[in-house]
*Asks:* 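I'd like to ask you about the structure that follows.
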Amino acid sequence: MSKVQGGMKCVKYLLFAFNIIFWVSGLLVLAVGLWLRFDPNTVEVLTGDGAPYTFFIAVYILLGAGALMMVVGFLGCFGAIRESQCLLALFFACLVIIFGAEVTAGVFGFLNKEQISEEVQKFYSSSTVDTSPNGTAIVTSYYKALNCCGASTVEPKGELCADFPEDVKDCLTAITDFFDEKLYIIGYIGIGIAGVMIIGMIFSMVLCCAIRNSREVI
C-alpha cells in the first residue's frame with residue numbers, strides 16, 4: 001500500500017517522470033562525451049606523440065558523469081515507486097556527487113580553455129618546423145581537420161597550402177575557434193543538466209520527508 005497520499009502522491013509520480021528524463025539526459029551527456037572523445041576532427045588534432053591531453057580530462061569527467069547519471073536515474077525510478085527512504089537518500093547523494101563532477105568539469109574546461117588552446121598551438125607550431133614525415137603528417141591532419149593552412153595570416157603559406165584558397169583561415173586562429181566551439185557545447189549541456197538535477201534533488205527530499213512523516217503517523 002502506498003505510504004504517501006494526496007499531493008505527495010503527485011510528487012512521487014513527478015519524481016518518477018523526472019528520473020526517466022534524467023536517465024535520458026545521462027544518455028545525452030554520455031553521447032556528447034563519446035562524440036567529443038572520438039570525433040575524427042578532435043582525434044586528429046589532439047592525438048599523436050607529444051600532443052597535449054588536457055582537453056580529454058574534462059571529457060573523461062563528462063563520460064563518467066553521464067554513465068553515473070544513467071545508473072542513478074534507474075535508482076531514482078525504483079526508489080520513487082517503492083517509496084524507499086534509503087534509495088531516495090542514496091539518489092539525492094548521487095545527484096550531489098554528479099552535480100559536483102559536472103561543475104568541476106565545467107570550471108576546469110573554462111578556466112583552462114586558453115591554456116589548452118595554447119598547448120595545441122605550440123604543438124602545431126613545433127610540428128610545422130619538423131621536416132620529418134611524422135611532422136608533415138601532423139601538419140596535414142590539422143589542415144584537413146580544421147580546414148586551415150599556415151601558422152599566421154602574415155607568413156607566406158608553404159607548399160602544403162597549394163590546394164587551399166588564398167583567404168583560408170590560418171591554423172592558429174582555427175585552433176582557438178575549435179576549442180571555443182567544443183567547450184561551449186560542453187558548457188550549455190552542463191548548465192541544462194545542472195538545472196534538471198536541482199529539480200530532482202528538491203523532489204527527492206520532499207518525497208523522502210513525506211514518507212518519513214507518513215511512517216511517524218502510522
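Treat the numbers as computed from the prediction; the structure is a model and nothing was measured.
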*Asks:* Is there a path from V96 to M69 through hydrophobic residues (I, L, V, M, F, W, Y) whose side chains come within less than 4.5 Å of each other?
*Replies:*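 Looking at the clustering, M69 is in the same group as V96.
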*Asks:* Between CG of L88 and CE of M205, what distance do you get to the nearest 0.5 Å?
*Replies:*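 L88 CG to M205 CE: 7.0 Å, rounded to 0.5 Å.
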*Asks:* Determine the minimum heavy-atom distance between F74 and W23, stating which atoms define it.
*Replies:*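 In this case the closest contact between F74 and W23 is N-CD1, 4.2 Å.
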*Asks:* Determine, using the 4.5 Å side-chain heavy-atom cutoff (strictly less than), whether I198 and L14 are members of one ILVMFWY cluster.
*Replies:*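 Yes: a chain of side-chain contacts under 4.5 Å links I198 to L14.
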*Asks:* Are N147 and K169 close enough that some pair of their side-chain heavy atoms sits under 4.5 Å apart?
*Replies:*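 Counting from C-beta outward, N147 and K169 never come under 4.5 Å.
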*Asks:* Residues sharing F78's hydrophobic cluster, by side-chain heavy-atom contacts under 4.5 Å among ILVMFWY, directly or via others?
*Replies:* L75, L87, L90
*Asks:* To the closest 0.5 Å, what do you measure between OG (S126) and OH (Y124)?
*Replies:*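 If I round to the nearest 0.5 Å, the distance is 10.5 Å.
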*Asks:* Report the distance from atom OG of S25 to atom CE of M70, rounding to the nearest 0.5 Å.
*Replies:*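 Those atoms lie 11.0 Å apart.
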*Asks:* Could you pull out the closest heavy-atom pair between V120 and I175, with the gap in Å?
*Replies:* CG1-CG2, 3.8 Å
*Asks:* Restricting to non-hydrogen atoms, name the atom on M197 and the atom on F22 that form the minimum distance, rounded to 0.1 Å.
*Replies:*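 Closest pair (atom of M197, atom of F22, distance): CG-CE1, 3.2 Å.
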*Asks:* With rounding to the nearest 0.5 angstrom, report the CG to CD1 distance, L95 to I199.
*Replies:* 11.5 Å
*Asks:* Measure the CZ-CZ distance between F91 and F203 for me, rounded to the nearest 0.5 Å.
*Replies:* 10.5 Å
*Asks:* Can you confirm whether T176 sits close enough to Q121 that some side-chain heavy atom of one is under 4.5 Å from a side-chain heavy atom of the other?
*Replies:*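 Yes, at least one pair of side-chain atoms sits under 4.5 Å.
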*Asks:* Of the non-hydrogen atoms in R37 and Y60, which two are nearest, and what is the gap between them?
*Replies:*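 So the minimum-distance heavy-atom pair works out to NE-OH, 2.9 Å.
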*Asks:* So, taking the atom named CZ in F92 and the one named CD in Q85, what distance separates them when rounded to the nearest 0.5 Å?
*Replies:* 14.0 Å
*Asks:* Any chain of hydrophobic side-chain contacts (each under 4.5 Å) joining W35 to L28?
*Replies:*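 Result: yes, single cluster for both.
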*Asks:* Is there a chain of hydrophobic side chains (I, L, V, M, F, W, Y, each step under 4.5 Å between heavy atoms) that links F18 to V71?
*Replies:* no
*Asks:* Considering all heavy atoms of both residues, which atom of L172 and which atom of S125 are nearest to each other, and what is their separation?
*Replies:*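 Smallest heavy-atom distance, with atoms named: CD2-OG, 4.0 Å.
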*Asks:* Side-chain heavy atoms nearer than 4.5 Å, only ILVMFWY residues, links allowed to pass through others: does that put F99 and I202 together?
*Replies:*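 Yes, same cluster.
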*Asks:* Taking all heavy atoms of C94 and all of V72, pick out the closest pair and write down the distance.
*Replies:* CB-CG2, 3.4 Å
*Asks:* I'd like to know if the two cysteines, C149 and C171, have SG atoms within less than 2.5 Å.
*Replies:* no
